[in-house]
*Asks:* 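One structure is given below, represented as structure tokens, and several questions about it will come after.
Naming convention: chains lettered A, B, ... in sequence-line order (proteins, then strands); numbering from 1 in each chain. Predicted model only: the values in this text are computed from it and were never measured.
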Number of protein chains: 2
Amino acid sequence: MQEEKSSTHAQRALIALRKRILGGELPGGTRLFEVALAEELGISRTPIRAALSRLAEEALLDRAPGGGFVVRSFAVADVVDTIEVRGVLEGTAARLAAERGVPPPMLAEARDLLRQIDRVFFGQSVDMEEYSKLNAAFHRLMARMSQSDVLCREIERITALPFASPSAFLDDQSHQAALAKTLSAAQDQHRALIEAIANREGFRAESLAREHARAARRNVEFLLSHEAALREGVPSLAILSS
Amino acid sequence: MQEEKSSTHAQRALIALRKRILGGELPGGTRLFEVALAEELGISRTPIRAALSRLAEEALLDRAPGGGFVVRSFAVADVVDTIEVRGVLEGTAARLAAERGVPPPMLAEARDLLRQIDRVFFGQSVDMEEYSKLNAAFHRLMARMSQSDVLCREIERITALPFASPSAFLDDQSHQAALAKTLSAAQDQHRALIEAIANREGFRAESLAREHARAARRNVEFLLSHEAALREGVPSLAILSS
DNA sequence: TGTAAGCTCCATGTATACATCGCGGCGCTG
DNA sequence: CAGCGCCGCGATGTATACATGGAGCTTACA
């Protein structure tokens, strides 16, 4: 066998197929045939089926009526709506956190994350790798502050879609100039959010989280309004069908 | 073979297992073993795996770290939070419907549904079967009015959980007296919702939808506060772990 | 020429044998 | 007695052969 990563064939198939779907190599609407994929990847149908099942769980594939799988299509409107839903869910998490109250250690953890993010700005050019990681951690923590497993799970699920993640579009290198301003504004929102939650201001926390998600939406709309040149460098948008 | 319903073994296994999980026969945390289930249902492991995978998509099973599946546990708090999430999502659908505008034929369809629900009340004892069907149809239509496939999908997904459906707890026969009042209040909310959407009052529509979902939450809390006697007749609550 | 029946092929469904891997018990050894 | 390592079992992972069933084509008959 080849010496790829990961242990099982199903894992490798999952990773390979996910990559192809997200990369736009398998456009939305494409029917995936077990035999063809099995031959292509040099494994049997069984691990292929396992991989396809998991991709269906990730909402990257739809089950066809009479059996089989189809690559899900994402139009621009779907991206926008998905981000809207993320905003709504994160808003709910923030509101619940405020309403139910957050244990002080957790609040301290959040404030520490904010300081760490501040520190990333100190360098000349921002270390996007690090920022993405911290930003994702902050959003995950905010979900946990709701003290609702159900909500955490739903947020994690929607966030797994590549273009809906709070850290999507950050790896886009095209408009470094605007970046600093954008990130600084986002950080202001982070601070206000924690403040609102700490003050038990549920409505304010929810509104802030929703508006915070709007930044991602503005990014998408900006990227799509400027012709292909910009979109080229944005892997998260390769999946778009139109 | 036995002459159950449905065509494939995987389908039958799916239905059988879902029934056992929802019925509380397989309590939360139970590890499901392919071989054991295969022997028990008299089929091979392959269709069992297919069924387990689909149950994971339905969020009734969790994948165990090292492979395998575990029945998901639902505590009371999870039920409440799930209903909260449904309310939030339906609220978003109602708001988007109001903000984006709804085609008149669709609004007419909604008003027609409201009239049909009114008609159900005419009889001496309400036909709950019929009411459930119409109520579910109304909620589905409201989701569609958002004109967002993503949102529809998420609502449908969360609504698939037995205790989160807008028609859950309606089959409970225990407090017929209060029922008429409850349903009539719900219908008032339905009417106000459509009115708000038609008037493009996004905030009002969202608030109303959220409050409407609270009715389900009150039902749960009422049922749980009255000892087992009441809970017996409520199949939707059999899944509760505690 | 149109229609309907039947056939054939292809894709998924199913069973089963074998592989692999992790874990726990048991025994050996220092 | 303690610690290490080996062995074996049980669970999932994988391959493969065969079953099934539907769609499209072809052919024969009206």
Side-chain angles (χ1 to χ4, degrees), chain A residues 1-21 25-73, chain B residues 1-21 25-73:
Chain A
M1 303 281 168
Q2 323 167 56
E3 40 210 304
E4 305 268 337
K5 53 267 165 180
S6 134
S7 50
T8 74
H9 286 165
Q11 291 275 322
R12 281 189 286 275
L14 173 63
I15 292 172
L17 290 175
R18 190 195 286 128
K19 187 172 161 188
R20 289 194 197 178
I21 295 170
E25 200 174 331
L26 292 170
T30 306
R31 173 80 179 264
L32 295 183
F33 297 106
E34 295 175 2
V35 273
L37 293 173
E39 281 174 17
E40 215 171 315
L41 300 180
I43 59 181
S44 83
R45 283 170 52 208
T46 315
I48 293 288
R49 289 179 73 133
L52 294 177
S53 288
R54 294 186 87 117
L55 287 169
E57 284 176 48
E58 292 179 22
L60 291 179
L61 296 182
D62 284 330
R63 286 185 189 269
F69 297 86
V70 178
V71 179
R72 183 168 167 196
S73 309
Chain B
M1 303 283 165
Q2 320 167 57
E3 41 210 301
E4 304 269 337
K5 53 265 164 179
S6 138
S7 49
T8 75
H9 286 165
Q11 293 274 325
R12 281 189 286 275
L14 173 63
I15 292 171
L17 289 174
R18 190 195 286 127
K19 186 173 163 188
R20 289 195 197 177
I21 294 170
E25 200 174 331
L26 293 169
T30 306
R31 173 80 180 265
L32 296 183
F33 298 104
E34 296 176 359
V35 274
L37 294 172
E39 280 173 18
E40 215 170 316
L41 300 181
I43 58 181
S44 84
R45 283 170 52 209
T46 315
I48 294 287
R49 290 180 73 134
L52 294 178
S53 171
R54 292 185 89 116
L55 287 169
E57 279 180 55
E58 292 180 21
L60 291 179
L61 296 182
D62 285 330
R63 284 185 189 268
F69 296 86
V70 177
V71 179
R72 184 170 168 194
S73 312

*Asks:* Which heavy atom of Ala56(A) sits nearest a heavy atom of Glu57(B), and at what distance?
*Replies:*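 Distance-wise, the nearest heavy atoms are CB-OE2, 3.6 Å.
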*Asks:* Nearest to the side chain of Arg45(B) - dT16(D), dG13(D), dA11(C)?
*Replies:*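 Output: dG13(D).
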*Asks:* CZ of Arg18(B) to CG of Leu61(B): how many Å apart, nearest 0.5 Å?
*Replies:*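 It is 10.5 Å, given to the nearest 0.5 Å.
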*Asks:* It should be established whether His9(B) places a side-chain nitrogen or oxygen under 4.0 Å from OP1 or OP2 of nucleotide dA15(C).
*Replies:*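 So the side chain of His9(B) is within the cut-off, an N or O lying under 4.0 Å from OP1 or OP2 of dA15(C).
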*Asks:* Atom CD1 of Ile48(B) and atom C1' of dG13(D): how far apart are they, to the nearest Å?
*Replies:*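 That distance rounds to 17 Å.
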*Asks:* Could you state the atom-to-atom distance from CD of Gln11(B) to C1' of dG21(D) in whole Å?
*Replies:*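 In whole Å, dG21(D) C1' lies 14 Å from Gln11(B) CD.
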*Asks:* With DNA chain D as reference, determine whether Thr46(B) or Val35(B) sits nearer its 5' end, using the nearest nucleotide of each.
*Replies:*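 Whichever sits nearer the 5' end wins; that is Val35(B).
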*Asks:* If you only use heavy atoms from C-beta on, which nucleotide in dT14(C), dT12(C), dA15(D) is closest to the side chain of Thr8(B)?
*Replies:*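 Of dT14(C), dT12(C), dA15(D), dT14(C) is nearest to the side chain of Thr8(B).
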*Asks:* Round to the nearest Å and state the distance from Phe33(A) atom CZ to dG22(D) atom C1'.
*Replies:*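 Nearest whole value for this atom pair: 14 Å.
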*Asks:* Give a yes or no answer on whether the side chain of Arg63(B) reaches the backbone of Gly68(B) with a donor-acceptor pair at less than 3.5 Å.
*Replies:*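 Such a contact is absent between Arg63(B) side chain and Gly68(B) backbone.
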*Asks:* So does Arg49(A) reach the base of dG13(D) with its side chain, donor to acceptor, closer than 3.5 Å?
*Replies:*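 Donor-acceptor pair under 3.5 Å: no.
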*Asks:* Just how far, in rounded Å, is P of dA19(D) from CD1 of Ile43(B)?
*Replies:*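 It is 19 Å, rounded to the nearest whole Å.
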*Asks:* Just by modelled atom types, is the Glu34(B) backbone N or O under 3.5 Å from a matching donor or acceptor in the Arg49(B) side chain?
*Replies:*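 The answer is no, because no donor-acceptor pair under 3.5 Å joins these two groups.
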*Asks:* For the pair made of CG in Leu41(B) and C1' in dA15(C), what is the distance, rounded to whole Å?
*Replies:*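 Result: 15 Å.
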*Asks:* Tell me the interatomic distance from Arg63(B), atom CZ, to dT12(D), atom P, rounded to whole angstroms.
*Replies:*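 These atoms are roughly 12 Å apart.
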